[in-house]
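Atom set for the values below is all heavy atoms of this structure, side chains included, hydrogens, waters and symmetry mates excluded.
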Amino acid sequence: MTEQTFNYYYIENDLDLLKLLVSQLHLTSWDDLEKRLRKDKITSFKDLLDYASGPACPPDLALTIEVMLDRLRATDHRRSCDWSSSSKIGNYLAEKLQGQKQEQFWVLYFDKQQNLLGEKMLFQGTLDRSWVHPREIFRWAVVYGCASMIVAHNHPSGYLTPSQNDLELTRGLKEASKIMKIAFLDHFIVGGGDYLSLRERELF
């Protein structure tokens, strides 16, 4: 599955990508598409991205949706983001998670050129670091065929100081990334419209 999934990024023809999406959704008509969108409560591209980022979306379908939306973003250079700038990434994540009442744990996956391959919310709720498991984080890293990744979670309280569990998780991911040969770039904590970068604070 890994090699096949990775090759999705080399589908040059947009029409072929749409055909792939249709086949993965098992659609035979526009009515089928409308029924599927209503079933999954998708009424906007944001809803579609949220669905692809969530746990209910199958991995291959999530990747196809991410690739399709990435191509849509690429048609307008104003939508591009400098993913090599920690301040821009931090501000992007702070805005993305602003107002969330529950803790959410996200991972951003990048290729060798620091292009965003996909973003995935892997955990939600009152996060006990014992169940933010590296296995799930790196499973999606393999699905995306990424070269590097950034993790982030929010503190709904707005208090950005990392807990001991935050630090232990970060160090564990750093060690696991060496084994997987996937660069672990940073861990962001966001809240109250602001962010803290554990790498900038030299906490791992």
Requested in this report: With the side chain counted from C-beta on, respond yes when F204 and R199 share a heavy-atom pair under 4.5 Å apart, and no when they do not.
Outcome: yes

Query raised in the report: How long is the span from the CE atom in M121 to the CH2 atom in W106, to the nearest 0.5 Å?
Result: 6.0 Å

Query - Rounded distance [0.5 Å steps], CD in Q100 versus CD in Q124 - result: 7.0 Å

Query raised in the report: If you measure from CG on L108 to CG on L93, what distance do you get to the nearest 0.5 Å?
Result: 5.5 Å

**Report entry** E95 atom CD: more than 12 heavy-atom contacts under 6.0 Å
**Finding:** no

Requested in this report: Without swapping roles, check the side chain of H133 against the backbone of R135 for a donor-acceptor pair under 3.5 Å.
Outcome: yes

Query - Flag side-chain contact, heavy atom, 4.5 Å: L198 against L196 - result: yes

Query raised in the report: When you look at L37 and T43, which way does the side-chain contact (heavy atoms from CB on, under 4.5 Å) test go after all the steps?
Result: CA-CA 7 Å; L37 293 174; T43 60; over 6 Å; no

Query - V151 side chain reached by F188 side chain, heavy atoms, under 4.5 Å - result: no

Query - Min side-chain heavy-atom separation L116-D111 under 4.5 Å - result: no

Query raised in the report: So, E119 versus Y92: side-chain donor-acceptor pair below 3.5 Å or not?
Result: yes

Report summary line: Nearest heavy-atom contact between D186 and S197 is OD2-OG, 2.5 Å

Requested in this report: Identify the two heavy atoms, one from C146 and one from L117, that lie closest to each other, and give their separation to 0.1 Å.
Outcome: CA-CD1, 3.7 Å

Report task. Apply salt bridge (charged side-chain N to carboxylate O under 4.0 Å, His left out) to R139 and E136, showing your working. Result -> CA-CA 5 Å; R139 182 175 80 87; E136 187 70 5; 3.1 Å; yes

Query raised in the report: Within a strict 4.5 Å, meaning less than it, do heavy atoms of the K178 and F184 side chains meet?
Result: no

Query raised in the report: Looking at CG of N91 and NZ of K96, how far apart are the two atoms once the value is rounded to the nearest 0.5 Å?
Result: 14.5 Å

Report task. Go through V142 and M180 one step at a time and tell me if the side-chain contact (heavy atoms from CB on, under 4.5 Å) criterion holds. Result -> CA-CA 9 Å; V142 172; M180 296 294 293; 4.0 Å; yes

Report task. Would you please test H153 and I189 for side-chain contact (heavy atoms from CB on, under 4.5 Å) and show each step? Result -> CA-CA 5 Å; H153 77 280; I189 299 173; 3.5 Å; yes

Query - 4.5 Å side-chain heavy-atom contact, Q24 and D60 - result: yes

Report task. Kindly give the heavy-atom pair with the smallest separation between L63 and Y144, and that separation in Å. Result -> CD1-CD2, 3.3 Å

Query raised in the report: Is the backbone of D50 close enough, under 3.5 Å, to the side chain of S53 for a donor and an acceptor to pair up by distance?
Result: no

Query raised in the report: Can a donor-acceptor pair be found between the side chains of D166 and S163 at a distance below 3.5 Å?
Result: yes

Report summary line: The residue among Q104, K101, E103 that forms side-chain contact (heavy atoms from CB on, under 4.5 Å) with P156 is E103

Query - Note, L169 side chain near F105 side chain (heavy atom, < 4.5 Å) - result: yes

Report task. For Q114 and S148, work out which heavy atoms get closest and say how close. Result -> OE1-OG, 3.7 Å

Query - Nearest non-hydrogen partners of L173 and I137, listed with the distance - result: CD2-CD1, 3.7 Å

Report task. Please tell me if the side chains of Y195 and S87 come closer than 4.5 Å, counting only heavy atoms from C-beta onward. Result -> yes

Query raised in the report: CD1 of I150 to CG of L185: how many Å apart, nearest 0.5 Å?
Result: 5.0 Å

Query raised in the report: Could you walk me through whether R36 and D40 pass the salt bridge (charged side-chain N to carboxylate O under 4.0 Å, His left out) check?
Result: CA-CA 6 Å; R36 180 62 186 267; D40 293 317; 2.7 Å; yes

Query raised in the report: Charged N to carboxylate O below 4.0 Å: is that the case for R38 and E34?
Result: yes

Query - Pairwise distance OG1(T170) to NZ(K174) - rounded to 0.5 angstrom - result: 11.0 Å

Query - ILVMFWY network linking M149 to L203, side-chain heavy atoms under 4.5 angstrom - result: yes

Report task. Mind listing the closest non-hydrogen atom pair of W140 and P59 along with its distance? Result -> CH2-CA, 3.4 Å

